[in-house]
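Some notes on the structure that comes next.
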Amino acid sequence: MVAAVRKAGGKPIYTEQPNCGHASWPFAYGNVKLWDWMFAQVRGQPAVEPATQEAPATRPATGK
């Protein structure tokens with residue numbers, strides 16, 4: 001998928017969270033850079049590129 005997006009001219013940021021299976025969404029949604037990028041997009045305008053090509057490894061707060 002990443003290769004296909006790049007071939008189409010996109011610049012995806014790929015982050016893999018090992019050993020979390022389908023419970024990966026807290027890692028993605030816990031990354032402030034995702035929200036900054038998402039809310040910078042404007043319909044009908046060219047996509048705003050992410051601030052960095054390096055996505056930090058984040059872990060959601062567990063309250064422990």
Side-chain angles (χ1 to χ4, degrees):
M1 180 59 79
V2 173
V5 171
R6 287 183 178 144
K7 185 176 180 181
K11 297 178 182 176
I13 294 175
Y14 176 78
T15 303
E16 189 170 319
Q17 298 295 336
N19 304 318
C20 68
H22 289 284
S24 61
W25 66 268
F27 297 101
Y29 293 136
N31 184 338
V32 172
K33 291 179 183 185
L34 171 71
W35 297 106
D36 290 344
W37 170 82
M38 185 168 26
F39 288 117
Q41 307 307 308
V42 178
R43 186 180 299 201
Q45 300 294 318
V48 173
E49 292 194 26
T52 179
Q53 291 296 335
E54 183 178 325
T58 58
R59 296 220 174 254
T62 61
K64 293 181 182 179

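Everything quoted here is computed from the prediction, not taken from an experiment.
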Thr15 OG1 to Phe27 CZ distance, which is reported to the nearest 0.5 Å = 11.5 Å

inquiry  = I'd like to know whether CE of Met1 has more than 12 heavy-atom contacts from other residues, nucleotides or ligands below 6.0 angstrom.
reply    = no

Considering all heavy atoms, the nearest Ala40-Val48 contact = O-CG2, 3.3 Å

ask   = Under a single-linkage rule joining Ile, Leu, Val, Met, Phe, Trp and Tyr whose side-chain heavy atoms are separated by less than 4.5 Å, which residues share a cluster with Val42?
value = none

task = Specify the closest pair of heavy atoms between Ala28 and Leu34, including all atoms of both residues, with the distance to one decimal.
result = O-CD2, 3.5 Å

By side-chain contact (heavy atoms from CB on, under 4.5 Å) - contacts of Trp25 (at least two apart) = Tyr29

key: Minimum-distance pair of heavy atoms, taken over all atoms of Pro26 and Ala23   = CD-O, 3.3 Å

remark   = Taken in chain and number order and not counting sequence neighbours, the residues that satisfy side-chain hydrogen bond (donor to acceptor under 3.5 Å, both in side chains) with Glu16 are Tyr14

query = Got a donor-acceptor contact below 3.5 angstrom from the Gln41 side chain to the Trp37 backbone?
reply = yes

